[in-house]
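Heads up: the structure comes next, in structure tokens.
Per chain, numbering begins at 1; letters A, B, ... match sequence-line order.
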Amino acid sequence: MLNIYNTLTRKKEIFKPIHENKVSIYVCGMTVYDYCHVGHARVMVVFDVVVRYLRFLGFEVTYVRNITDIDDKIIQRAIENKEDINQLTARFIEALNEDAANLNIIPPDIEPRATKYIDKIIIMVQQLLDNGYAYVTTNNDVCYAINKFADYGKLSGKQVEDLRAGERVDVDKSKQHPLDFVLWKAAKIDEPHWQSPWGSGRPGWHIECSAMSTDCLGKHFDIHGGGMDLQFPHHENEIAQSEGATKEPFVNVWMHNGFVRINNEKMSKSLGNFFTVREVLKQYHPEVLRYFILTSQYRSPSNYSDQELDAAKQALTRLYTALRGLDIENLPISDDKTYQQRFQAAMDDDFNTPEALAVLFDLSREINKARSNDLTKAAKLGNQLWHLGKILGLLQIEAESFLQATIIEQISSAEIENMITERLLARKNRDWATADRIRSELKEQNIVLEDNSEGTTWRRL
RNA sequence: GGCUGAAUGGCAGAGUGGUUAUGCAGCGGCCUGCAAAGCCGUGUACGUCGGUUCGAUUCCGUCUUCAGCCUCCA
């Protein structure tokens with residue numbers, strides 16, 4: 001029985017979809033004006049695992065992850081770069097897809113873009129005006145009147161009167177309440193704009209998610225996810241917009257993932273303390289980054305550092321080493337269901353990936369024990385490890401190809417093989433001095449040799 | 001100021017009202033020509049002060065510290 005922590009109720013609840021066997025899920029994706037950093041990677045990986053697990057459980061999942069391709073930051077960046085705005089967003093959407101593919105993220109079923117939804121956004125703004133939740137300001141902006149929405153604050157647990165509006169940013173005088181937010185923004189001359197009943201303009205930040213999610217998944221759907229920082233105001237505002245416009249409940253379960261931190265501080269663009277995914281992948285295999293993300297439960301903060309990534313690499317090496325050389329494709333999965341049951345119990349508990357990973361390590365130990373005397377058993381267990389790994393999006397490549405992967409330019413595989421052949425000859429002649437010399441030469445190049453009864457295997461450190 | 005959440009062994013990170021998380025690192029052993037990998041064994045960890053309890057790291061309260069939201073941010 002799957003339990004999910006729901007931000008709305010602040011507790012774990014047994015998950016029950018609106019329509020039996022079907023799950024509709026919407027996740028706030030990226031605003032495309034820069035490369036993805038590790039924090040974005042976390043959102044993608046976390047919800048990728050959520051969707052993989054839901055599918056594993058047999059649900060028919062419709063997964064929507066949006067792209068916000070019009071907003072203040074994008075406009076500003078285009079001006080800075082002297083770049084056409086569409087060219088800018090196209091460039092970063094392509095980069096986003098590349099990063100996602102590297103991280104073995106299954107593409108969402110629908111990836112709607114804000115600029116393709118202007119008509120539907122305008123309709124929703126009009127509905128909000130008609131329903132009395134919005135007003136046109138003296139600047140010709142359309143604003144949402146939060147005081148009209150009785151439940152405002154229900155997601156983030158905030159009391160409107162307790163908030164320090166204007167503490168850090170000047171309040172726009174044209175607003176009726178300092179926390180009212182823009183639905184439709186009147187355009188300046190040189191900005192991208194679309195025609196609307198309120199003059200030419202563009203959507204405010206929150207409305208596009210309400211319009212896209214409702215259109216793709218219906219007025220009322222199962223799960224809505226995103227980073228912690230979107231809880232307020234973004235998701236709070238989405239609720240106000242969608243429920244104000246449709247007069248129906250919006251979302252059943254709200255899921256929010258924790259931040260990636262650096263030196264105990266949130267990784268963010270504004271602090272400038274971020275690493276982009278592509279930077280990290282210059283140093284580490286993408287699966288190492290994915291594994292690192294899954295070593296923390298998704299709601300907990302996660303601390304990013306080279307040491308952590310090194311540790312992740314070591315751990316993943318252990319799992320792949322267990323899989324190495326096993327003929328898993330040609331043997332059935334093990335009959336022993338205890339590992340799968342433990343794995344599932346962990347995942348059923350609000351996607352507890354660290355505990356699920358612990359099961360994979362126990363399974364690996366079992367494989368390593370079996371491989372010396374019962375290769376068939378080892379391979380069957382290996383098959384199981386591979387299948388469970390798949391739910392986490394891990395362990396799907398050939399073990400050799402992970403263990404021997406070149407990230408930074410190093411000695412070639414052919415050269416290594418040659419030296420190993422040379423060393424095997426020396427060993428045959430019991431010329432240990434030569435054998436050891438070759439081994440330590442390779443060690444200096446970060447190549448580790450492992451002798452066994454069949455010959456010598458190697459891997460890169 | 002309001003609201004969230006967190007404090008676990010050398011590091012990372014789960015979990016539990018009484019019994020082994022897991023990974024890395026360390027130590028001892030087996031294996032090995034020697035290694036590496038693997039296997040076996042090995043650590044009086046649960047921020048503070050109180051309370052509840054036969055018993056609390058686990059429940060309740062106090063305090064301390066840290067992080068996040070209340071501007072844009074995943």
Side-chain angles (χ1 to χ4, degrees), chain A residues 7 10 27-31 34 36-44 46-47 71-73 76 153 156-171 178-179 181 205 225-234 236 256-261 264-271 274 291-292 295-297 299-303 305 307-308 310-319 321-322 324 342 346 349 352-362 364-365 367-372 403 427 430-433 435-436 439-440 443 448-453 456-459 461:
Chain A
T7 308
R10 305 208 179 267
V27 172
C28 286
M30 262 35 87
T31 300
D34 209 339
C36 293
H37 60 59
V38 177
H40 300 115
R42 189 171 189 192
V43 183
M44 289 199 282
V46 161
F47 287 100
D71 100 317
D72 291 356
K73 295 230 160 144
Q76 197 189 326
S156 52
K158 293 184 188 304
Q159 299 294 109
V160 169
E161 50 276 20
D162 291 336
L163 297 175
R164 293 183 162 187
E167 168 110 346
R168 291 190 288 168
V169 161
D170 288 340
V171 173
L179 289 172
F181 56 93
W205 173 36
M228 283 288 202
D229 46 1
L230 295 183
Q231 218 176 96
F232 190 92
H234 186 58
E236 196 69 62
H256 292 98
N257 66 275
F259 296 126
V260 176
R261 295 187 196 165
N264 233 24
E265 206 174 37
K266 176 185 173 184
M267 177 186 287
S268 74
K269 297 225 171 138
S270 37
L271 290 169
F274 61 89
Y291 178 92
F292 160 74
T295 53
S296 304
Q297 205 271 350
R299 285 187 289 123
S300 305
S302 148
N303 285 296
S305 69
Q307 289 81 344
E308 289 307 303
D310 289 340
K313 184 187 174 172
Q314 298 259 59
L316 201 47
T317 296
R318 180 168 161 80
L319 294 177
T321 302
R324 197 178 210 180
R342 284 177 56 203
D349 183 17
N352 192 334
T353 53
E355 190 150 325
L357 287 171
V359 177
L360 301 192
F361 284 104
D362 288 342
S364 297
R365 175 169 296 113
I367 291 168
N368 290 334
K369 274 197 268 190
R371 76 190 308 148
S372 60
L403 295 168
R427 290 186 72 213
R430 305 185 69 81
D431 177 2
W432 309 125
D436 291 353
R439 186 168 63 194
S440 62
K443 184 75 204 292
V448 179
L449 300 189
E450 287 151 348
D451 299 327
N452 57 54
S453 52
T456 299
T457 57
W458 64 274
R459 64 190 163 92
L461 280 183

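Rounded to a whole angstrom, the distance from the C1' atom of B/G28 to that of B/C60 is 45 Å. To the nearest whole angstrom, the two P atoms, one in B/G29 and one in B/A45, are 24 Å apart. B/C54 sits 26 Å from B/U8 when the C1' atoms are compared, rounded to a whole Å. Between the C1' atoms of B/G18 and B/U53, the separation comes to 12 Å (whole Å). Spacing between B/U42 and B/A25 at atom C1', rounded to whole Å, works out to 14 Å. For the P atoms, the distance linking B/C3 with B/U62 amounts to 13 Å, nearest Å. Rounded to whole Å, the separation between the P atoms of B/U57 and B/G51 comes to 14 Å. Taking atom P on both B/A14 and B/G23, the two are 16 Å apart, rounded to the nearest angstrom.
Residue A/Phe259 and nucleotide B/A67 are not classified as a stacked aromatic pair, given the requirement of ring centres less than 5.5 Å apart at an interplanar angle below 30°.
A/Arg371 is linked by a side chain to side chain donor-acceptor pair (under 3.5 Å) to nothing, counting only residues two or more places apart in sequence or in another chain. Here A/Lys313 pairs with nothing under the side chain to side chain donor-acceptor pair (under 3.5 Å) rule; sequence neighbours left out. Residues forming a side chain to side chain contact (heavy atoms under 4.5 Å, CB included) with A/Ala311 (at least two apart in sequence, or on another chain): none. With sequence neighbours excluded, the residues forming a side chain to side chain contact (heavy atoms under 4.5 Å, CB included) with A/Leu461 are A/Lys443, A/Asn446, A/Val448, A/Arg459, listed by chain and number. The side chain to side chain donor-acceptor pair (under 3.5 Å) search around A/Asp349 returns A/Lys12, not counting sequence neighbours. With sequence neighbours left out, the side chain to side chain contact (heavy atoms under 4.5 Å, CB included) criterion links A/Asp310 to A/Tyr284. Remark: A/Gln297 engages A/Arg299, A/Ser300, A/Asp350, A/Asn352, A/Pro354 in a side chain to side chain contact (heavy atoms under 4.5 Å, CB included) (not counting sequence neighbours). For A/Thr7, the side chain to side chain donor-acceptor pair (under 3.5 Å) test picks out A/His256, with sequence neighbours left out. By the ring pair (Phe, Tyr, Trp, His ring centres under 6.0 Å) test, A/His234 is found to be paired with A/Trp205, A/His206, residues two or more places apart in sequence or in another chain being considered.
Within 6.0 Å of the CZ atom in A/Arg10, the count of heavy atoms belonging to other residues, nucleotides or ligands exceeds 12.
Closest to the A/Ser296 side chain, of the nucleotides B/G13, B/A74, B/A37, is B/G13. Of the candidates B/G33, B/U71, B/G68, B/G68 carries the atom nearest the A/Lys266 side chain, counting heavy atoms from C-beta on. Closest to the side chain of A/Thr321, from the set B/G68, B/A14, B/A37, is B/A37. Side-chain proximity of A/Lys369 to B/U71, B/C39, B/A36: nearest is B/C39. In the set B/A74, B/C34, B/G13, the nucleotide with an atom closest to the side chain of A/Arg427 is B/C34.
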Would you mind building the protein contact string for nucleotides 22-27 of chain B? One character per nucleotide, 5' to 3', B for base within reach (heavy atoms under 4.0 Å), S for sugar-phosphate only, - for untouched.
SSSS--

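Of the residues near RNA chain B, A/Ala433 and A/Gln159, the one whose nearest nucleotide (by heavy atom distance) lies more toward the 5' end is A/Gln159. Mapping A/Arg342 and A/Glu355 onto RNA chain B by nearest heavy atom places A/Glu355 at the nucleotide closer to the 5' end.
A donor N or O paired with an acceptor N or O is not found under 3.5 Å between the base of B/G15 and the side-chain atoms of A/Asn352. With hydrogens and angles left out, the side chain of A/Asp229 and the base of B/C72 share no donor-acceptor pair within 3.5 Å. In terms of polar N and O atoms assigned as donor or acceptor, the side chain of A/Lys158 comes within less than 3.5 Å of the base of B/C69 in a complementary pairing.
Residue-level contact check: A/His37 touches the bases, meaning some heavy atom is under 4.0 Å from a base atom. Looking at heavy-atom distances under 4.0 Å, A/Gln307 makes no contact with the nucleic acid at all. Residue contacts shown for A/Arg10 are limited to sugar-phosphate atoms, with no base heavy atom under 4.0 Å away. When heavy atoms are screened at a 4.0 angstrom cut-off, A/Met44 is found touching no nucleic acid atom at all. The residue A/Gly39 sits close to a base: some heavy atom pair falls under 4.0 Å. When heavy atoms are screened at a 4.0 angstrom cut-off, A/Gly258 is found touching base atoms of the nucleic acid. Residue A/Asn368 is classed as a sugar-phosphate contact, given heavy-atom separations below 4.0 Å to backbone atoms only. Residue A/Ser300 is classed as a sugar-phosphate contact, given heavy-atom separations below 4.0 Å to backbone atoms only. Among the heavy atoms of the strands lying under 4.0 Å from A/Thr295 are primed sugar atoms or P, OP1, OP2 only; no base atom is included.
Checking A/Asp451 against A/Thr456 by side-chain atom types alone, a donor-acceptor pair falls below 3.5 Å. For the residue pair A/Asn368/A/Arg365, the side-chain donor-acceptor check at 3.5 Å is not satisfied. When only modelled atom types and interatomic distance are considered, A/Gln231 and A/Ser156 share no side-chain donor-acceptor pair under 3.5 Å.
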Taking N or O atoms only and anything under 3.5 Å, show me the protein contacts with nucleotides 63-66 of chain B, one pair per line.
unit_1: B/C66; atom_1: O2'; unit_2: A/Asn264; atom_2: ND2; d: 3.1

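Counting only distance, with no hydrogens or angles, the side chain of A/Arg42 and the backbone of A/Gly258 share a donor-acceptor pair below 3.5 Å.
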Which dot-bracket string fits RNA chain B when only Watson-Crick or G-U wobble pairs with both atom distances under 3.5 Å count, crossing pairs get [ ], and | stands for a partner on a different strand?
(((((((..(((.....[...))).(((((.......)))))....(.(((..]....))).))))))))....

